[in-house]
Amino acid sequence: MASFRTLLVRKYANSKYCDGYAEGFPLICEGKLDFGSFCIQRTIIDFINLVFLFVFYLLLYVRSVIKQQRSVVNRRDRISIVVSICCALISVLYLSVGLWNLIARNGGFHSLSWLIELIRGLIWISLSVSLLVHTSQPVKILISVWWVSFTLLVSILHIEVLYRTHRIEIFDIFPWLVNILLLFSAFRNFIDLDRKHESLSESLLEEKEEKDQIEVCEANFFSKLSFSWINPLLSRGYLRPLALEDIPSISAEDESNLAYQKFANAWESLIIEGGSSDRNNLVLRAITKIYFMENMIIAVCAVLRTIAVAALPLLLYAFVNYSNQGEENLQKGIVLLGCLVVSKVVESLSQRYWYFSSRRSGMRMRSALMVAVYQKQLKLSSSGRQRHSTGDIVNYIAVDAYRMGEFPWWFHSTWSLVLQLFMSIGVLFSVVGFGAILGTVPLAICGFLNTPFAKIIQKCQSEFMISQDERLRAISEILNNMKIIKLQSWEEKFKSSIESLRGNEFKWLSKQQFLRPYGTFLYWISPTIVSSIVFLGCALFGSAPMNAGTVFTVLATLRSMSEPVRMLPEALSILIQVKVSFDRINTFLLDDELRNDEVRRFPLQSSDKSVTVEAGNFSWVPEIASPTLRNVELEIKRGQKIAVCGPVGAGKSSILYAMLGEIPKLSGTVSVFGSIAYVSQVSWIQNGTIRNNILYGNPMDADKYDKAIKACALDKDINCFDHGDLTEIGQRAINMSGGQKQRIQLARAVYDDADVYLLDDPFSAVDAHTASVLFNVRKLLHLVLALELSQSLLFLSHCSVMLSLFLQFNPPYNHHLYFHSLLPTTESVLVFLPIDCVMTALEKKTVILVTHQVEFLSQVDRILVMDGGQITQSGSYEELLMAGTAFEQLVNAHRDSITALGTLNDDGGGESQETAAEMSNRCYPTKQISEGESSVKGPSGIQLTQDEEIEIGDVGWKPFMDYVSISKGFLYLSLIILAQSMFSVLRVASSYWLAFAIQIPNITSSMLIGVYSGIATLSAVFVFFRSHYGAHLGLKASKAFSSGLINSIFRAPMFFFDSTPVGRILTRASSDMSILDFDIPFSIVFVAAGATDFIATIGAMAFITWQVLIVAVLAMVAVNYIQRYYMSSARELIRINGTTKAPVMNYAAETSLGVVTIRAFNMVDRFFRNNLKLVNTDATLFFLSNAAMEWLVLRIETLQNLTVFTAAFFVLLLPKNQARPGLVGLSLSYALSLTSTQIFASRWYCNLLNYLISVERIKQFMNIPEEPPAIIEDNRPPSSWPYKGRIELQELKVNKRI
């Protein structure tokens, strides 16, 4: 800076170019009005620029007030951004030189050269803004004329200078080049004036919902600067609680589709450029390529904020020196006040734009990667799906991609904190000289001490996460098998297991929480040690006088250094985690995909064939020499019914996968003619209504829909449901039996009206070899009819094959009618679905059925017998029987099993039918509903799975009181407040000691430093106790809530688990419990710290200038109102946001499980679009939550800055005999920290209220209605009970929950 200042002084002082221009604005050019002087010409150019600047801001302000029409979005391409950055850099240079001349240059107030530099800095920063601002056409014309006139005038002046002096200053070359770029930008604006701007994303979006969009893109400059564009949403939230329907959709330029398209294009280009050799860090490089320019703008804001923060100690130094002057110079004081205003405004606006824009950029990165991971899983090959499980894919989205939301903020924080640290050290050396050298030693030591301490904390955190994963894995397993645990009365055993895992987790949590107070103590004791040694160095070396200016500037500088020292270790740790996430996603996105050439697709009309396979060899693991399917030769004509049979492991399902292109092809060709419908062996049902699962994205056709549900025997099931086909299918289809899920899946295929149907044994039957060893089916049937128990019916449903074999050898019964009267809603009817569905509903379709049910093979056109991965036989039923070999053995084994069952046949059929008819009458409602009506039947009751319950509106401090009362932590809360109050009192006392003692002439440096160090060290001790008691409070609360939640879950009735998705319980046991473990205790501590520090700061300011209390009280009232106004909406945004992440994860997991079905039905695009909607909804809440927070912080900063300015102004007005330098330094040092103190308190207060939502959510599940106690002490049976085992059921009535 010094060399640069020397260059400017030489330029202005010795060059004929200026002719006295640097001597002051009113006295320029030696007071002569000579228009041939370069000085006058430069003055005219500056004046013209100021006029344009004034008109430009005036137009923006007028348009923001009247809002007669929506603004037109200005194009912001890379050229405009680059030119804007160049203008901003020139502005920073001018402002830096102006401030340097003002503060550090002797006699700077007698010459107004500093004012010239500041004006030019203002002009250039306004030019930078004009390149980025979203403007209307009139403003666009104005700024274009401004750029043209400025460039032409400056170019004429420089040409004249070159002609007269034959040289030009180096400092003028770079601005001149930027002027030329401005001229180019102006010409581009003129060319585009008649064109209508079209959004980048317009061509990418296929569907638009009729919903208001966030107006940030169309907002004018002042609305963006003040975040006023979010006012309508906050106003709506203040009037009534917000719901998801009130949330506007995300703006077009922030939509996930646009972010993904940009990422996909960058990814493809990097893949092409790098080839197969260089594939490391492709995700990071693609993200950098896309978002580099917008993050450069964020970096400029971070630099401005850092400069403003580093300049505050210098301003404090200048204020104290001003109070030391003997004579009054109000002009200089007003200038200092103006510099303070500019510095605080720049700090506030740049920091708000930095925080908001970095998180907005992170949101785009997050959305792009979430969509990219989801899209990848839709294309992932079979080997890739083996390497990446469903849980892994969900983690890529929920953890790795989600982490990108905060990545840009942490990235810019890291380097800006380093810059702030070095700038603060520079300020320290500039104030105290060599005395600061001694202070760097303890600073470095304290910094190095953080490293091992951070490693210990990190180890505890890692062990805690491992223990937490074990606990959550066990809880998930228990919840998925809770019915078995309840039936076996194993609740206590498994509860003890969870408590043991939680105990191990709690051990690491306790160790970590009790270590943190030592880190807090080190953080607060470091400034005391460093400042004491710096003061000692000043006394020893005499490098700076021990006066008020030196003392309080050193304290202010160390305060600005404390932020980097505290945050840098955490920032580096998070950046390491982000790098790991980038690598994980990079590995996943580079994994193998399905090849498009596995199957050749043709339209149905092009051939009379449906499927052909020529010389096909397929293998699930291509690296293995022996293929899964060998020498497959197959030709299936249109409309044929083909059955594929064979023993287990013969390759029956694999041949269907070969037709779908799911199994890697080693050689040969596979051709499919027409569309495909696929029914998997393991049913895959989506979380939604029965109707949605059957329609599967196709439009509703009532006639075709009714035929489909009748063909699949779903009509009677639907009539039994209270909500008909609008019945919600819960998570994992918990309210549907296995047979119902299979029939819904089959109905989905039938309704799709495809050309080729691939049915992979959807009836889950076993082969004949296994059937030969099954036990007595006839006795089982009698047992079921006698007990009439739903559990027996469920067991019977799994024995549908045995029953089919039994009924085949009981010819007096009508199979179809018998089973509809016996078990109309069970899986048993599946035995007859092949005949009703395959031979009737799919009569004209090509059907390839993998089956073990030999009794139906006689009705198909052709049978393929498979063994060992080959088609060993092919032909009709009769042909294969005559040919013998494998097929004959399969049929003979089937007949042997039937013969064993036939000997058990007796005459109990009439009784069975009578009992079955009675059961049938009990199943159905009195009023029978027609099957045609079922498809449009509306809700008549309560769905099994309800929407998640959330609190609405302001619940006050009830959650906080619940937190303290349940944990029994009132004592620790009182101790926290007491310790924090003592800390604040002692900290203020140490500052007061410096302010008063420094005025005492005879006091020694050792006493001054010693008393200060003692008081400050004692205050740090109380900080340790504050954090220690906070850890105790948090651990007691964690133990109480965890124990209460576990007890409540294990005592809950089975209906709770049937009606509650597992994700809701796991969310409370994981993320909500984590907030109780870590966030709430320290939020309470920080709120107490912020409140007491704020009161202490106001008190210190008022001690010097009591008038500031008037403004401070009014500001506090306004801040309180703004906080309540903000919290009305922010609270609901956080609550809604808590329900938008889970659907994204559930949808990804659901898609991963059914990806084969999705690809078979060619529904990839529909699922992709649905995922985009879920990601957009989640991103919208993230975006609005951050915008609302910045809205709040900006207004709080504005109000508190007014208090700071008022305090500084009254200090300037104090008479010289009252304005002691020590007291001025004390007042202003606290005043400069007032804004950050208020923001700290407000931010943590709002965070605490948001975190307390987790207390609400956990407490909901702690109050679940309990089952009756397992043991009633007063009603224990005798010790000999039971004497004889027997089960009696009397008047038992059961009903299935739907």
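Bear in mind the structure is a predicted one, so any value in this text is a computation, not a measurement.
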Over all heavy atoms of both residues, which pair between A372 and L589 is shortest? Give the atoms and the distance, please. O-CD2, 3.7 Å
Partners meeting side-chain contact (heavy atoms from CB on, under 4.5 Å) with F1082 (sequence neighbours left out): Q513, R516, F1086
Shortest non-hydrogen contact from A302 to S416? CB-CB, 4.3 Å
For E1190 and R359, what are the C-alpha separation, side-chain angles and deciding distance, and is it a side-chain contact (heavy atoms from CB on, under 4.5 Å)? CA-CA 11 Å; E1190 300 308 323; R359 289 191 170 98; 4.0 Å; yes
Let me know which of D1077, V1255, I1046, D1072 forms a side chain to side chain contact (heavy atoms under 4.5 Å, CB included) with F1041. V1255
Please determine whether the number of non-hydrogen atoms from other residues, nucleotides or ligands lying under 6.0 Å from atom CZ of F1240 exceeds 12. yes
Donor-acceptor contact present, side-chain S1074 to main-chain S1070, <3.5 Å: no
Closer than 4.0 angstrom, basic N to acidic O: yes or no for R1051 and E1267? no
Sequence neighbours excluded, the answer for side chain to side chain donor-acceptor pair (under 3.5 Å) partners of N1176 is S256
Say you draw a straight line from CD1 of I966 to CE of M961; how long is it, rounded to the nearest 0.5 Å? 11.5 Å
Determine, step by step, whether E563 and M567 satisfy the side-chain contact (heavy atoms from CB on, under 4.5 Å) criterion, reporting the C-alpha distance in whole Å, the side-chain angles of both residues, the deciding distance to 0.1 Å, and the verdict. CA-CA 6 Å; E563 184 184 13; M567 291 189 62; 4.0 Å; yes
So, for L472 and L1066, which heavy atoms are closest and what is the spacing to 0.1 Å? O-CD2, 4.2 Å
K1141 with D1178: basic N within carboxylate O range, under 4.0 Å: no
How about Y1125: does its OH atom have over 12 heavy atoms from other parts shown lying under 6.0 Å from it? yes
Apply side-chain contact (heavy atoms from CB on, under 4.5 Å) to F588 and list each qualifying residue two or more places apart in sequence or on a separate chain. V373, K376, Q377, L380, H388, I393, Y396
Looking only at the side chains, is there a donor atom on one of Q577 and S581 sitting less than 3.5 Å from an acceptor on the other? no
Are R366 and Y402 in a cation-pi setup, meaning NZ or CZ lies under 6.0 angstrom from the ring centre and within 45 degrees of the ring axis? yes
Would F407 and F582 count as a close aromatic pair, with their ring centres under 6.0 Å? yes
In this structure, is the centre-to-centre distance between the rings of W490 and F1050 below 6.0 Å? no
Using 30° and 60° as the class boundaries, would you call the ring planes of Y972 and Y1029 parallel, tilted or perpendicular? tilted
Would you indicate whether the side-chain heavy atoms of M1073 and I1258 approach each other to under 4.5 Å? yes
Considering the options I397, L1174, N395, which one meets the side chain to side chain contact (heavy atoms under 4.5 Å, CB included) requirement together with M1145? I397
Between F227 and F356 (judged by ring centroids, cut-off 6.0 Å), do the two rings come close enough to count as a pair? yes
Counting only N and O atoms by type, is there a donor-acceptor contact under 3.5 Å from the side chain of N504 to the main-chain atoms of S500? no
Considering only heavy atoms from C-beta outward, does the side chain of L369 approach that of Y260 to under 4.5 Å? no
List for me each residue that meets ring-ring contact (aromatic ring centres under 6.0 Å, His included) alongside F1022, sequence neighbours excluded, and say none if there are none. none
Both conditions, 6.0 Å and 45 degrees, for the charged tip of R352 above the ring of Y355: are they met here? yes
Apply side chain to side chain donor-acceptor pair (under 3.5 Å) to residues N1171 and Y1147 and explain how you reach the verdict. CA-CA 7 Å; N1171 181 68; Y1147 198 71; over 6 Å; no
Please determine whether a side-chain nitrogen of the Lys or Arg among E470 and R473 lies less than 4.0 Å from a carboxylate oxygen of the Asp or Glu. no
Please check this pair: side chain of S965 against backbone of D962, looking for a donor-acceptor N/O pair closer than 3.5 Å. yes
If you round to the nearest 0.5 Å, how far is CZ of F1183 from CG of D254? 5.0 Å
Are any of the side-chain heavy atoms of I1084 and F960 separated by less than 4.5 Å? yes
Is any side-chain heavy atom of I1253 less than 4.5 Å from a side-chain heavy atom of P959? no
F983 and D1093: side-chain contact (heavy atoms from CB on, under 4.5 Å), yes or no, with the steps? CA-CA 9 Å; F983 164 71; D1093 285 347; 4.2 Å; yes
Taking only residues two or more places apart in sequence or in another chain, which ones pass side-chain contact (heavy atoms from CB on, under 4.5 Å) with N1247? M1189, R1243, W1244, Y1251
Atom NZ of K1039 and atom CG of L509: how far apart are they, to the nearest 0.5 Å? 10.5 Å
Would you say the side chain of I977 lies within less than 4.5 Å of the side chain of S981, judging by non-hydrogen atoms? yes
Whether the H412 and W415 side chains hold a donor-acceptor pair (N or O, under 3.5 Å, no angle test) is what I'd like checked. yes
Nearest heavy-atom approach of K486 to A1052 is NZ-O, 2.7 Å
Got a second to check how far M370's CE is from M365's CE, nearest 0.5 Å? 15.0 Å
Can you list the residues that meet the salt bridge (charged side-chain N to carboxylate O under 4.0 Å, His left out) rule with E499, with sequence neighbours excluded? none
Exercise: identify the closest heavy-atom pair between A368 and F263: CB-CB, 4.0 Å
Of the non-hydrogen atoms in Y291 and A259, which two are nearest, and what is the gap between them? OH-CB, 3.9 Å
Are a donor atom and an acceptor atom from the side chains of Q1123 and S1242 found within less than 3.5 Å of each other? yes
Test log, rule ring pair (Phe, Tyr, Trp, His ring centres under 6.0 Å), inputs F1078 and F464: CA-CA 12 Å; F1078 293 102; F464 173 83; 5.1 Å; yes
Does the side chain of F1261 come within less than 4.5 Å of I1264's, by heavy atoms? yes
With rounding to the nearest 0.5 angstrom, report the CD to OG distance, E491 to S496. 11.5 Å
Distance col, row I1136:CD1 vs T1180:OG1, nearest 0.5 angstrom, shows 11.5 Å
Does a donor on one side chain and an acceptor on the other come within less than 3.5 Å for S361 and N295? yes
If we ignore hydrogens and angles and just use 3.5 Å, is the side chain of S1048 paired with the main-chain N or O of G1044 as donor and acceptor? no
Within the 4.5 Å heavy-atom criterion, are W1191 and I1122 side-chain neighbours or not? yes
Check the orientation of H1028 and H1032. Use parallel for under 30°, tilted for 30 to 60°, and perpendicular for over 60°. perpendicular
